[in-house]
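Numbered from 1 within each chain, the chains take letters A, B, ... in sequence-line order.
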Amino acid sequence: NAGVTQTPKFRILKIGQSMTLQCTQDMNHNYMYWYRQDPGMGLKLIYYSVGAGITDKGEVPNGYNVSRSTTEDFPLRLELAAPSQTSVYFCASSLGGYDGYTFGSGTRLTVV
Amino acid sequence: EDQVTQSPEALRLQEGESSSLNCSYTVSGLRGLFWYRQDPGKGPEFLFTLYSAGEEKEKERLKATLTKKESFLHITAPKPEDSATYLCAVQAGAAGNKLTFGGGTRVLVKP
């Protein structure tokens, strides 16, 4: 049982480039989330999804896009990368209700 | 807007020296308060959920408590392997079961 898998683990982008961060879960969770974590800071919600075909903005959505075509996958797209998007990105999933999230191991992104 | 504040930002302990971490929150309609442990370079790992004031939960050397305005994570007789960042998060009544996280407390336990 792999849980939540994120790829890649590390990436360096140049300003203006685009990329997709991949996230897959094998627990049949309906709820999925993307957070970013800056040094010494807590996690900030970027986007979330309550099921296939349904997505919504979180606290810091600007510069990002998501899609949810299947229950398992929730990719995060960065268009026109900016230095302010340098961060560690975490994907998470949950059954909903009072269940805690299961997090992936993160993607460390640097924009130069 | 939901807010979560954790203190202190960092805590250095000697092995066996018990201490407490604080998580104060402002939220309309608390559904649950969550504690996570995060090791360097890894994703947060779920520890506890607390649902109502007065509730307590324990796991090994960790004990979490909840009041109407704050939660405490007590570390009893810590060991070096308890060194980590501890994150607190609240879930309010809004759609999506979203969590709002605090900034975390970095705990270092020295042998």
Side-chain angles (χ1 to χ4, degrees), chain A residues 2-7 9-10 21 23-25 27 29-51 54-61 66 68 74 87-109, chain B residues 1-11 21 23-25 27 29-52 55 57 59 62 64 66 84-107:
Chain A
V4 178
T5 302
Q6 291 184 238
T7 57
K9 292 190 183 303
F10 304 94
L21 282 66
C23 175
T24 298
Q25 54 93 7
M27 299 171 285
H29 286 173
N30 282 325
Y31 294 80
M32 296 189 74
Y33 309 85
W34 275 105
Y35 283 85
R36 60 176 287 173
Q37 185 176 39
D38 299 315
M41 306 289 286
L43 291 95
K44 301 290 185 186
L45 182 64
I46 305 172
Y47 271 95
Y48 68 99
S49 169
V50 300
I54 307 169
T55 63
D56 206 348
K57 296 178 180 179
E59 187 180 357
V60 290
V66 294
R68 184 96 182 271
F74 190 39
S87 189
V88 181
Y89 292 84
F90 288 101
C91 178
S93 71
S94 80
L95 274 172
Y98 295 111
D99 283 343
Y101 293 0
T102 300
F103 282 86
S105 57
T107 295
R108 185 175 296 274
L109 175 68
Chain B
E1 182 179 329
D2 302 336
Q3 289 193 328
V4 181
T5 303
Q6 292 188 246
S7 62
E9 289 187 5
L11 192 59
L21 284 56
C23 171
S24 62
Y25 62 89
V27 63
L30 179 73
R31 293 188 66 210
L33 186 139
F34 296 73
W35 282 98
Y36 287 83
R37 169 192 170 120
Q38 185 176 23
D39 293 305
K42 296 189 177 181
E45 177 185 349
F46 172 72
L47 291 173
F48 307 108
T49 308
L50 301 166
Y51 304 111
S52 58
E55 188 175 2
K57 288 201 175 168
K59 181 178 181 178
L62 302 177
L66 181 65
T85 295
Y86 291 88
L87 299 168
C88 167
V90 296
Q91 184 183 77
N97 294 316
K98 296 172 287 185
L99 295 184
T100 300
F101 283 84
T105 295
R106 297 187 309 278
V107 175

Item to check | Residues A/Phe103, B/Phe46; criterion ring pair (Phe, Tyr, Trp, His ring centres under 6.0 Å); working and verdict | outcome: CA-CA 9 Å; A/Phe103 282 86; B/Phe46 172 72; over 10 Å; no

Checklist outcome for this item: Given A/Ser105, A/Cys91, A/Gly42, A/Ser49, the one with more heavy-atom pairs under 4.5 angstrom with chain B than any other is A/Gly42

Next on the checklist: What part of A/Leu45 gets within 4.5 angstrom of chain B, counting heavy atoms only: side chain, backbone, both, or neither?
Outcome noted: side chain

Item to check | Atom pair CG (B/Leu87) and CD (A/Gln37), whose distance is rounded to the nearest 0.5 Å | outcome: 6.5 Å

Checklist entry - Can you say whether A/Tyr101 sits under 4.5 Å from chain B via the side chain, the backbone, both, or neither, judging by heavy atoms? => result both

Checklist outcome for this item: For B/Tyr86, the ring-ring contact (aromatic ring centres under 6.0 Å, His included) test, sequence neighbours excluded, returns none

Checklist entry - If you round to the nearest 0.5 Å, how far is OG of A/Ser94 from NZ of B/Lys98? => result 13.0 Å

Next on the checklist: Is B/Tyr51 close to chain A through its backbone or its side chain, or both, or neither, when contacts mean heavy atoms under 4.5 Å?
Outcome noted: side chain

Item to check | pair B/Leu99-A/Tyr35: side-chain heavy atoms closer than 4.5 Å | outcome: yes

Item to check | Straight-line distance of A/Tyr48 OH to B/Asn97 CG, nearest 0.5 Å | outcome: 9.5 Å

Item to check | CZ (B/Arg37) with more than 12 external heavy atoms under 6.0 Å | outcome: yes

